[in-house]
Amino acid sequence: MNYLEVSHLQKQFQDVQVLKDISFSVQPGEVLSIIGPSGSGKSTLLRCCTFLETLSAGSISYMGKTAVTAEIGKKPVYAQRADFREIQHYFGLVFQNFNLFPHYSVLRNITEAPRIILKKSKAEAKKTAMELLEKVGLANKAKSYPCELSGGQQQRVAIVRALAMSPSILFFDEPTSALDPELTGEILEVIRLLAEDHMTMVIVTHEMSFAKAISNRVIFMADGYIVEEGTPEQIFDHPEQERTRQFLAHYQ
């Protein structure tokens, strides 16, 4: 069973069609990277998959359960409230700008949602948070506030916060774009560790060498379409489409 199934997805903002008939699936343990030029619809696609944007047409399913379907010109139809809430727990999202609560400590940033949404006890939520912080080398920052951390440390906390909800699939929207080049490496290393743990991930990224090294599959998007899809070797070393070749030429 696919963890995620996106079928004939379209997204329109007024009269601008940003996504045009997008279909793909994500299997358990798979790392899927989505690459492409700015404005190709990559981040909008992620926002649709995580219900931050509504669809104009198509459908999205998680774990074989239909979350939302839509037809052009009609309101999207969502799963029943209880089912939809369950579906929302299947995924986590790491934003490019960290989105941490500035007035909460690192520990509270991580434990708040598990306690409120998953109904975990304070002790259990703290235990999970500290184990995850240890894993990303930030156990000593549990009592710090976001303003006391570097950008790379804030992004690592954001990743831990998403992991603390025990998602089946983790989305990353340009996780290094707000960071200095020297801080980018520490985030890519965390994602690499997650891949080694067989975490299912969908990563929108402009880090081509990283996408090539870490992905099982790569999607190249341009102008709201999936232009080409395949293994990293197929996409980076033997692209079939001229549009893909043009884009990758900038990264040689």
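The chain is numbered in sequence order, starting from 1.
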I'd like to know whether CD of Glu71 has more than 12 heavy-atom contacts from other residues, nucleotides or ligands below 6.0 angstrom.
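At most 12 heavy atoms, drawn from other residues, nucleotides or ligands, come within 6.0 Å of this atom.
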Residues, nucleotides or ligands: over 12 heavy atoms within 6.0 Å of His89 NE2:
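Buried by this count: over 12 neighbours within 6.0 Å.
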Sequence neighbours excluded, which residues qualify as salt bridge (Lys or Arg N to Asp or Glu O under 4.0 Å) partners of [X]?
{"X": "Lys20", "result": "none"}
{"X": "Arg115", "result": "none"}
{"X": "Glu148", "result": "none"}
{"X": "Asp197", "result": "Lys135"}

Between side-chain atoms of residues 116-124 and protein atoms elsewhere (two or more places apart, or another chain), which donor-acceptor pairs fall under 3.5 Å?
{"residue": "Lys119", "atom": "NZ", "partner": "Ile116", "partner atom": "O", "Å": "2.8"}
{"residue": "Ser121", "atom": "OG", "partner": "Glu124", "partner atom": "N", "Å": "3.1"}

Going by atom type alone, with no hydrogens or angles, which donor-acceptor pairs under 3.5 Å involve a side-chain atom of residues 99-107 and a protein atom two or more places apart or on another chain?
{"residue": "Tyr104", "atom": "OH", "partner": "Arg108", "partner atom": "NH2", "Å": "3.2"}
{"residue": "Ser105", "atom": "OG", "partner": "Arg108", "partner atom": "N", "Å": "3.1"}

Below 3.5 Å, can you tabulate the donor-acceptor pairs from side chains in residues 136-143 to any protein atom, sequence neighbours excluded?
none

Does the pair Arg161/Glu112 count as a salt bridge with the N-to-O cut at 4.0 Å?
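No.
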Tell me the closest heavy-atom pair linking Ser40 and Pro37, and the distance in Å.
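That would be OG-O, 2.7 Å.
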Might you point out which heavy atoms bring Thr66 and Ala79 nearest each other, and give the distance in Å?
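Heavy atoms only, the tightest pair is O-CB, 3.5 Å.
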Keeping Thr200 on the side-chain end and Gly29 on the backbone end, is there a donor-acceptor pair under 3.5 Å?
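Answer holds: yes.
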Is there a donor-acceptor pair closer than 3.5 Å between any side-chain N or O of Ser150 and the backbone N or O of Gln153?
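Yes, the answer is positive, given that a donor and an acceptor are paired below the 3.5 Å cut-off.
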Going by ring-ring contact (aromatic ring centres under 6.0 Å, His included), name the pairs with one or both residues in residues 121-157, residues two or more places apart or in two chains.
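The answer is none; no pair qualifies.
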What pairs meet the ring-ring contact (aromatic ring centres under 6.0 Å, His included) rule with one or both residues in residues 27-75, with sequence neighbours excluded?
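Residue pairs passing ring-ring contact (aromatic ring centres under 6.0 Å, His included), neighbours aside: Phe51-Phe84, Phe51-Phe91, Tyr62-Phe91.
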Indicate, with yes or no, if Phe171 and Ile191 share a hydrophobic cluster defined by side-chain heavy-atom contacts under 4.5 Å among Ile, Leu, Val, Met, Phe, Trp and Tyr.
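In one cluster: no.
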Please tabulate, for the side chains in residues 211-228, all donor-acceptor contacts under 3.5 angstrom to protein atoms that are two or more places apart in sequence or on a different chain.
{"residue": "Lys212", "atom": "NZ", "partner": "Asp237", "partner atom": "OD1", "Å": "2.9"}
{"residue": "Ser215", "atom": "OG", "partner": "Ser33", "partner atom": "OG", "Å": "2.6"}
{"residue": "Ser215", "atom": "OG", "partner": "Ala211", "partner atom": "O", "Å": "2.6"}
{"residue": "Asn216", "atom": "OD1", "partner": "Val31", "partner atom": "N", "Å": "2.6"}
{"residue": "Arg217", "atom": "NE", "partner": "Glu30", "partner atom": "OE2", "Å": "2.8"}
{"residue": "Arg217", "atom": "NH1", "partner": "Glu229", "partner atom": "OE2", "Å": "2.2"}
{"residue": "Arg217", "atom": "NH2", "partner": "Ser25", "partner atom": "O", "Å": "2.4"}
{"residue": "Arg217", "atom": "NH2", "partner": "Glu30", "partner atom": "OE1", "Å": "3.0"}
{"residue": "Arg217", "atom": "NH2", "partner": "Glu30", "partner atom": "OE2", "Å": "3.4"}
{"residue": "Glu228", "atom": "OE1", "partner": "Glu240", "partner atom": "N", "Å": "3.4"}
{"residue": "Glu228", "atom": "OE1", "partner": "Gln241", "partner atom": "N", "Å": "3.0"}
{"residue": "Glu228", "atom": "OE1", "partner": "Thr244", "partner atom": "OG1", "Å": "2.7"}
{"residue": "Glu228", "atom": "OE2", "partner": "Glu240", "partner atom": "N", "Å": "2.6"}

Tell me every residue that passes side-chain contact (heavy atoms from CB on, under 4.5 Å) with Thr184, counting only those two or more places apart in sequence or in another chain.
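Per chain and number, Thr184 pairs via side-chain contact (heavy atoms from CB on, under 4.5 Å) with Thr176, Leu179, Leu188, Glu207.
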Contacts of type side-chain contact (heavy atoms from CB on, under 4.5 Å), residue Lys127, not counting sequence neighbours
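For Lys127, the residues satisfying side-chain contact (heavy atoms from CB on, under 4.5 Å) (neighbours in sequence not counted) are Glu131.
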Indicate whether any N or O donor in one side chain lies under 3.5 Å from an N or O acceptor in the other, for Gln80 and Asp83.
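No donor-acceptor contact under 3.5 Å links the two side chains.
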